[in-house]
S.K.: 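Take a look at the following structure, please.
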Amino acid sequence: MENFAFAPAYELPVWPFTPPPELGSAKVVRHPIVIVGAGPSGLTLACDLAQRGVRVVLLDEDDTVGVRGASSRGICYAQKSLEIFERLGIYERIAAKGITWSFGRTFSGEQEVYNFNLQANSVSRQPPFINLQQFYVEWFLVERILELGLTDVRWKSRVTRVEQLADGVHLDIETPAGSYTIEADRLIDATGANSPIRTQLGIEAHASRSTDRWCISDVRFRKPLPTERWTWVDAPFNEGRGVWQHLMADGVWRIDYQMPEDCDTAYISQPEVAGARLREQLGPDVEFEFVWIGPYGYRDHLLDSFRHGRVFFIGDAAHVVSPFGARGGNSGIQDAANLGWKLALVAQGKAGDTLLDSYDAERQPAAQQNLQVTSRSARFLAPRSPAEHTLRRAVVALAARHPFARALVNTGRMSVANDYPAAPQLPEGARSVQNLPLRWADGHETTLMQLLSEGTHCIGLWFAPTREQAKAALDATASLPLHLLAVGGDSGLPTLQADDRLASHLGIGDAGSFALVRPDAYRAAVLANATPETIASALRTALGHDSNP
Ligand SMILES: O=C(O)CCc1cccc(O)c1
């Protein structure tokens, strides 16, 4: 029998536990913002707030990144997440370490039945996707948070009790040096899928578990394959079941094999069994070593509301979806970016508490949409009824010969920045604006993310205003967080060169037209013939001032 080699385990960083000042003091200290959970969403939020100059306490029960003894969970980072990381100052580290890709192919048996190129609709500086083990992303975020120096990161700190107060939240915390109590004006639960905070507060998650079973093999081998997402609906080398294949950093391939529903999970993840499967796929001559093998089944859940009084739920604490399309981790990062600027403006007294309600109004429907999209993929991959089996057979058979059927072969619809529905702060709804390369009138280059990376402000892009209009608009918005920019013209405002790509991406471009872009790079309003009054009014609406002056 063939012997299969294992690579040495990853060496992950460990950060020291430092006894906090509250230990040994009877005084209960009140902190404006406490985040619990240093996973991707909690760390992104802490980093976002630090970048905006906001101090927070970040608690985590561990003292490292990743999950001890487990493989990387998230592996694919989508363009919107990468743009957020660019704004936070860690994109270069991610791009240098990770694997950039935009092309995907889906096979049925030996035949390619569908492909896509996500670069086709992109105008961003960031690529459609970078694959990277989740712990590296967490590691870079911790490094950045420590560089920024504003976050009180408390490792080895487990929250044992949470109670909502009339004007805040009470937390009991256990550490290696003893227990203590703090209060928070606002608490962010980023503790993940099994959130103890959610359980303590008695919040229903509406969980459901799939019977579909998979086995991950993270493996290194030398075989020149393109850096593309490959999926098989029914792989000949996996007894006609599904397979996923992605390259991650350090030359490690993530290969997910679909298993029989009633499989023995201990058996299918034994090195000899996983090795034989991989040998079937790679052929007799390819040397490989395992990095990690593990079985998994997926589940989903979705909270009815992501805000409960003073407690906000982000990432997996709020929503979990099946992995197809990489929508889980990416939407947690986007939750953090949505909530970050709102918390910052409220903490700085520039917006009222109502703005925080818009976090739920925007991100809960986004999570609903992600759940719907991933559930469709999951049911295509593991049909649940005779009708679903028939549909899948017909789609796969037709896809070989008929283009219309190819787009129905559903091995996952990759994560995108969700649009937001109309709401009081977004009368027309909102859509994400990509990180467009821009050029100042004097020829210097910039990007949308650079314009958003310092402080917390919206950007107003005004096509060729007059000098009088520009001066009056600056006066009308003087007390509001707005950077007013001109696109073309001679207004005296900081001016960007007029650019067809910018105009068509924003959906405007005639002289006098105006787009309001929020700190999270969402287009909140478009005005065909902007005036100083309509600009100020659109801004106040976007910041929730109208409903909470
Ligand atoms: O390509 C996809 O659809 C997602 C791949 C993925 C994401 C997260 C974990 C994992 O094992 C695979």
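Note that the structure is a prediction, hence the values are computed from the model and not measured. Each ligand, and each atom within it, is numbered from 1 in the order the structure gives. By convention here, the first residue in the shown sequence is residue 1.
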S.K.: Answer yes or no: is there a donor N or O on one side and an acceptor on the other, between the side chain of Glu138 and the main chain of Gly39, under 3.5 Å?
M.R.: no
S.K.: Should you measure from each heavy atom of Arg254, which atoms of ligand 1 turn up under 4.0 Å away?
M.R.: 9 (C), 10 (C), 11 (O)
S.K.: In sequence, state the C-alpha distance, the side-chain angles, and the governing distance for Val219 and Leu278, and then conclude on side-chain contact (heavy atoms from CB on, under 4.5 Å).
M.R.: CA-CA 9 Å; Val219 63; Leu278 200 54; 3.3 Å; yes
S.K.: Can you check whether Val409 reaches Ser108 side chain to side chain, under 4.5 Å on heavy atoms?
M.R.: no
S.K.: Is there side-chain contact between Arg363 and Ser331, with at least one heavy-atom pair below 4.5 Å?
M.R.: yes
S.K.: Please indicate whether any nitrogen or oxygen in Thr411 is less than 3.5 Å from any nitrogen or oxygen in ligand 1.
M.R.: no
S.K.: Check whether any side-chain heavy atom of Ser122 lies under 4.5 Å from a side-chain heavy atom of Gln79, and answer yes or no.
M.R.: yes
S.K.: Does an N or O from Gly325, backbone or side chain, lie closer than 3.5 Å to an N or O of ligand 1?
M.R.: yes
S.K.: Is Arg73 in polar range of ligand 1, meaning some N or O pair under 3.5 Å apart?
M.R.: no
S.K.: Check each atom of ligand 1 against the heavy atoms of Phe324 and keep those under 4.0 Å away; list them by number with element.
M.R.: 3 (O)
S.K.: From the options Trp292, Phe135, Trp139, select the one residue that forms a ring-ring contact (aromatic ring centres under 6.0 Å, His included) with Tyr10.
M.R.: Phe135
S.K.: Enumerate the atoms of ligand 1 whose separation from the nearest heavy atom of Trp244 is less than 4.0 angstrom.
M.R.: 1 (O), 2 (C), 3 (O), 5 (C)
S.K.: Mind checking whether Gly74 has a heavy atom under 4.0 Å from ligand 1?
M.R.: no
S.K.: Check ligand 1 against His246 and write out every atom of the ligand that is under 4.0 Å from a heavy-atom position of the residue.
M.R.: 1 (O), 2 (C), 5 (C)
S.K.: From the options Asp218, Thr374, Asp256, select the one whose nearest heavy atom is closest to atom 12 (C) of ligand 1.
M.R.: Asp256
S.K.: Are Leu148 and Gln51 close enough that some pair of their side-chain heavy atoms sits under 4.5 Å apart?
M.R.: yes
